[in-house]
Amino acid sequence: MRSSQEEFENAVNRVKLLKKDPGNEVKLKLYALYKQATEGPCNMPKPGVFDFINKAKWDAWNALGSMPKETARQSYVDLVSSLSSSSMSSSQVKPGADRKQQEYENLVVTSEDGITKIMLNRPTKKNAINTQMYQEIILALKAASKDNSVLTVLTGNGDYYCSGNDLTDFSGITAGEIEEKVKNNLDMLRVFVNSFIDFPKPLIAVVNGPAVGIAVTILGLCDAVYASDRAIEMLVFGKKLTAEEACARGLVTEVFPDNTFQKQVWARLKAYSEFPANSIRISKQVIRNMEKEKLYAVNAEECSVLQERLLSNECINAAVNFLSRKAKL
Ligand SMILES: CCCCCCC/C=C/C(=O)SCCNC(=O)CCNC(=O)[C@H](O)C(C)(C)COP(=O)(O)OP(=O)(O)OC[C@H]1O[C@@H](n2cnc3c(N)ncnc32)[C@H](O)[C@@H]1OP(=O)(O)O
């Protein structure tokens, strides 16, 4: 149904009543559609390159080309309706409450105020990453790369950030099946690590407690790593590092006291989420693109070495020792 002039004028008035600033991108879209609906195709001379604001407006209007006035009017009304309903639904959410995005078995993914939070959620297993959780993290990163958030945060539920690869992954496998299983898992691990290498927006690790193995490896692919001073066991190469030591070695960006960790870190992230989304995404990509090929090659090489190491007696014995340790007590 085509919108009437009256509906268009109502929409123009409703824009002025929006409770939440819709952001520059949407404001430019509204400006362009309004001009197209009222004056037709862009008829102004192009502003100079340093006249940033007028140039952005001109670009947005000019991009609509020969869109008919009626279509622009309809698009304007539709856009304002979507803004009004989203501002209404967000006012119904309790302040500070997270909006859930998608259900996962081993993750809780929420999105609020420009931040998508991916929380590892197997606290009774110290957030060990099993095969399903690897797959879910790959999917959650893919979804976060396309959503409206400015930042994505990875964190853990409970007292641990993550205890690394789930050591029960290979239990119940017969000798004949193990090679195939290891190969499949390593194909998946390569995709998993590549999804961190390729992640297009700022990715922040909020390390709420100890981190082990693959969870530590992945920190190097995050853009910032904030650790609680209770993250006392960042187990790397069999050596335990405190968060402070990891910070001194460049693996952690900043360490916060545990009793104010969540408050301080989330206040910081909230401030970052108000940065211009496109600029920080593009800055990250410029930096990452310089090293992407090298990172892919290192990932492929590590997975190929791991394929041999996972089948070694040393590795199998270590896993068996861990799994049988409770039985020995
Ligand atoms: C898909 C590709 C496969 C290849 C991956 C290769 C690359 C990855 C490498 C790694 O990540 S290696 C690191 C593996 N992780 C470990 O070696 C840590 C093992 N866990 C521990 O040493 C201890 O559990 C702990 C983390 C130091 C915590 O000790 P604590 O005494 O405080 O608690 P627990 O009673 O031991 O644990 C509670 C509960 O959680 C289970 N659990 C902990 N970690 C894991 C794990 N990594 N895998 C599976 N399960 C784990 C533990 O068994 C307990 O469970 P219940 O017995 O209570 O059921």
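Numbers here are sequence positions counted from 1. In this text, all values refer to a predicted model and were calculated from it rather than measured experimentally. Atoms within a ligand are numbered from 1 in the order they appear, just like the ligands themselves.
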>> Measuring from atom 14 (C) of ligand 1, which candidate in Thr217, Leu186, Ile129, Asn165 has the nearest non-hydrogen atom?
In response: Asn165

>> Is it the case that over 12 heavy atoms from other parts of the model lie below 6.0 angstrom from the OH atom of Tyr31?
In response: yes

> Any idea which atoms of ligand 1 are less than 4.0 Å away from a heavy-atom of Met188?
Replying inline: 1 (C)

>> Between Asn54 (side chain only) and Pro47 (backbone N and O only), is there a donor and an acceptor less than 3.5 Å apart?
In response: no

> Hey, looking at atom 7 (C) of ligand 1, which of Asn321, Ile218, Leu306 has the closest heavy atom?
Replying inline: Leu306

> What closest approach, in Å, do Ala140 and Ile118 show between heavy atoms, and which atom pair accounts for it?
Replying inline: CB-CD1, 3.9 Å

> With a 4.0 Å heavy-atom cut-off (strictly under), which part of Phe192 contacts ligand 1: side chain, backbone, both or neither?
Replying inline: neither

> Under 6.0 Å from the six-membered ring centre of Tyr226 and within 45° of its axis: does the NZ or CZ of Arg268 meet both?
Replying inline: yes

>> For Asn157 and Asn121, which I'm curious about, is there any donor-acceptor pair between the side chains at under 3.5 Å?
In response: yes

>> Which of the numbered atoms in ligand 1 are under 4.0 angstrom from any heavy atom belonging to Ser163?
In response: 14 (C), 15 (N), 16 (C), 18 (C), 26 (C), 43 (C), 44 (N), 45 (C), 46 (C), 47 (N)

> What atoms of ligand 1 come within less than 4.0 Å of a heavy atom belonging to Gly164?
Replying inline: 11 (O)

> Are Phe275 and Tyr272 near enough that their ring centres are under 6.0 Å apart?
Replying inline: yes

> Does Tyr134, backbone or side chain, put an N or O under 3.5 Å from an N or O of ligand 1?
Replying inline: no

> Of all the atoms in ligand 1, which lie at a distance below 4.0 Å from a heavy atom belonging to Leu310?
Replying inline: 4 (C)

> What are the atoms of ligand 1, with element, lying closer than 4.0 Å to any heavy atom of Gly213?
Replying inline: 10 (C), 11 (O), 13 (C)

> Can Asn13 and Asn10 be counted as having a side-chain donor-acceptor contact under 3.5 angstrom?
Replying inline: no

> What closest approach, in Å, do Met67 and Gln36 show between heavy atoms, and which atom pair accounts for it?
Replying inline: O-NE2, 2.9 Å

>> Taking a cutoff of less than 4.0 Å between a non-hydrogen atom of the residue and any ligand atom, is Thr124 in contact with ligand 1?
In response: yes

> What atoms in ligand 1 come closer than 4.0 Å to a heavy atom of Tyr160?
Replying inline: 25 (C), 26 (C), 27 (C), 28 (C)

